[in-house]
Amino acid sequence: MTQELNRLEIHDILELLPHRYPFLLVDRVLDFEVGKSMHAIKNVTFNEPFFQGHFPERPVFPGVLLLEAMAQVTGILAFKSAGKPRQNELYYFAGIDKARFKRPVGPGDVIHFEVEYLRDMRGVGKFKAVAKVDGELVCAADIMCARREYK
């Protein structure tokens with residue numbers, strides 16, 4: 001018996017995250033387990049706007065955007081675990097620890113994000129996140145996000 005995957009397509013992601021082009025950095029969720037983990041992807045293409053300046057001779061996906069993408073995946077997992085956001089509610093990127101970059105990411109790569117939910121303390125979730133390309137670790141970090149209302 002095969003287990004069916006919990007997938008989210010782009011229209012599902014757009015319902016959960018407020019990000020839009022060019023700042024939405026998650027293309028698809030391949031699988032998730034509520035309250036536990038999520039596996040998502042980003043397809044990196046040469047026409048990404050930041051490649052014009054980072055770096056024209058050797059395009060490199062900016063490390064800060066790798067971290068932002070991992071934070072977006074934590075937000076999706078948090079909302080799937082705790083319920084859909086209210087109209088005036090977001091998960092904010094609240095902190096990052098132990099961030100490490102292992103190798104550059106460039107056009108043509110498919111980044112696989114694996115996020116593990118660790119715990120929640122007073123509305124702040126803590127997650128362990130990794131990014132991989134072709135099974136090779138490219139970035140790892142502990143990420144915190146906070147569910148907050150905005151005005």
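Here the structure is a predicted model, which is why all the values come from computation and not from measurement.
- Remark: the backbone N or O of Gly35 is paired with a side-chain donor or acceptor of Ser81 at under 3.5 angstrom.
- Taking the six-membered ring for Trp and the full ring otherwise, Tyr92 and Tyr150 have centroids separated by 6.0 Å or more.
- Separation of atoms CG (Leu90) and CZ (Arg148) is listed at 11.5 Å; rounding is to 0.5 Å.
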I would like to know whether His39 and His112 meet side chain to side chain contact (heavy atoms under 4.5 Å, CB included); could you show each step before the answer? CA-CA 7 Å; His39 178 192; His112 288 258; 2.8 Å; yes
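- A salt bridge links Glu114 with Lys132; the closest basic N to acidic carboxylate O contact falls under 4.0 Å.
- The residues Lys42 and Glu68 are annotated as not salt-bridged, no charged nitrogen and carboxylate oxygen being separated by less than 4.0 angstrom.
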Go through the steps to decide whether Leu137 and Val130 satisfy the test side chain to side chain contact (heavy atoms under 4.5 Å, CB included), and finish with yes or no. CA-CA 7 Å; Leu137 182 67; Val130 298; 3.8 Å; yes
Output, in order, the C-alpha distance, side-chain angles, deciding distance and verdict of side chain to side chain contact (heavy atoms under 4.5 Å, CB included) for Asp142 and Lys126. CA-CA 7 Å; Asp142 292 342; Lys126 185 155 186 178; 4.1 Å; yes
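- His54 places a side-chain N or O within donor-acceptor distance of the main-chain N or O of Val60, the cut-off being under 3.5 Å.
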Given the rule in the side chain to side chain contact (heavy atoms under 4.5 Å, CB included) test, do Phe50 and Leu65 qualify, once you have shown the distances and angles that lead to the verdict? CA-CA 10 Å; Phe50 46 78; Leu65 293 182; 3.5 Å; yes
Go through Glu89 and Arg147 one step at a time and tell me if the salt bridge (charged side-chain N to carboxylate O under 4.0 Å, His left out) criterion holds. CA-CA 7 Å; Glu89 193 173 51; Arg147 186 175 185 148; 2.8 Å; yes
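- Ile111 and Phe23 fall within the same hydrophobic cluster, where Ile, Leu, Val, Met, Phe, Trp and Tyr residues are linked whenever their side-chain heavy atoms come under 4.5 Å apart, directly or through other members.
- Salt bridge present: Glu9 and Arg7 bring a charged side-chain N and a carboxylate O closer than 4.0 Å.
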